[in-house]
Amino acid sequence: MVQQERNVGRAGGPWIDYIARTSFMLQQGHFAADLVYYYGEDSNLTAIFDQKSPDIPQGYGFDYINADALIHALRVEDGRIHTPVE
C-alpha cells in the first residue's frame with residue numbers, strides 16, 4: 001500500500017489497524033513442524049526444489065534446514081527436536 005493509491009485515505013486507518021493487529025497476533029505464536037527436511041550442502045534450496053517440493057506426506061507441516069542449523073541450532077529433549085525460540 002502506497003500513499004499514491006486512490007483509496008488509501010479512506011481505508012488507511014481501519015485497514016492499517018487491522019494489519020497491525022493481525023501481524024502482532026501472528027508473531028505471538030511459533031511454528032511447529034512435524035518434519036525437518038535436510039536438503040544437503042551441494043546446492044541451494046531454490047535450485048533443488050524450483051519445480052517440485054519434496055515428497056512430504058499430506059497433512060504434515062515441515063520446514064527446511066541447512067547444515068549449519070542442523071549442527072548448531074537443533075537439540076533433542078524428551079525425544080523431540082527443538083530449535084531456539086527467539
Side-chain angles (χ1 to χ4, degrees):
M1 181 178 287
V2 295
Q3 291 180 343
Q4 288 76 22
E5 290 184 32
R6 293 174 55 176
N7 295 325
V8 74
R10 285 186 273 170
W15 176 248
I16 298 301
D17 292 345
Y18 169 77
I19 295 296
R21 177 69 178 154
T22 56
S23 294
F24 171 78
M25 294 302 292
L26 288 170
Q27 291 175 26
Q28 303 312 301
H30 67 277
F31 177 69
D34 300 305
L35 302 166
V36 177
Y37 191 92
Y38 172 64
Y39 57 88
E41 298 181 52
D42 296 332
S43 187
N44 66 37
L45 189 60
T46 54
I48 298 172
F49 300 113
D50 66 338
Q51 300 295 319
K52 181 182 178 295
S53 294
D55 292 325
I56 304 294
Q58 187 173 1
Y60 286 87
F62 74 98
D63 204 351
Y64 300 101
I65 192 166
N66 63 18
D68 184 62
L70 186 63
I71 294 168
H72 297 107
L74 293 186
R75 69 182 192 287
V76 177
E77 290 179 10
D78 299 323
R80 293 177 172 255
I81 299 172
H82 295 269
T83 57
V85 177
E86 296 180 19

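Numbering starts at 1 and runs along the sequence shown. Quick caveat: nothing in here was measured; it's all calculated off a predicted structure.
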Residues 49-57, side-chain donor-acceptor partners within the protein, below 3.5 Å, at least two apart:
residue: K52; atom: NZ; partner: D55; partner atom: OD1; Å: 2.4

Partner residues of D34 under the side chain to side chain contact (heavy atoms under 4.5 Å, CB included) criterion, sequence neighbours left out: Y60
Hydrophobic cluster identity match, I65 and F62, side-chain contacts under 4.5 Å: no
Co-membership, hydrophobic cluster, residues I81 and Y38, 4.5 Å side-chain: yes
Shortest non-hydrogen contact from R80 toward H82: O-CD2, 3.3 Å
Heavy-atom check, side chain of D63 versus side chain of V36, under 4.5 Å: no
Spacing of OH belonging to Y37 relative to OH belonging to Y64, to within rounding of 0.5 Å: 8.0 Å
Separation between OG1 of T83 and NE2 of H72, rounded to the nearest 0.5 Å: 15.5 Å
Spacing of OG1 belonging to T22 relative to CD belonging to Q27, to within rounding of 0.5 Å: 9.5 Å
Q58, CD: over 12 other non-hydrogen atoms inside 6.0 angstrom: no
Over 12 non-hydrogen atoms of neighbours within 6.0 angstrom of OH in Y18: no
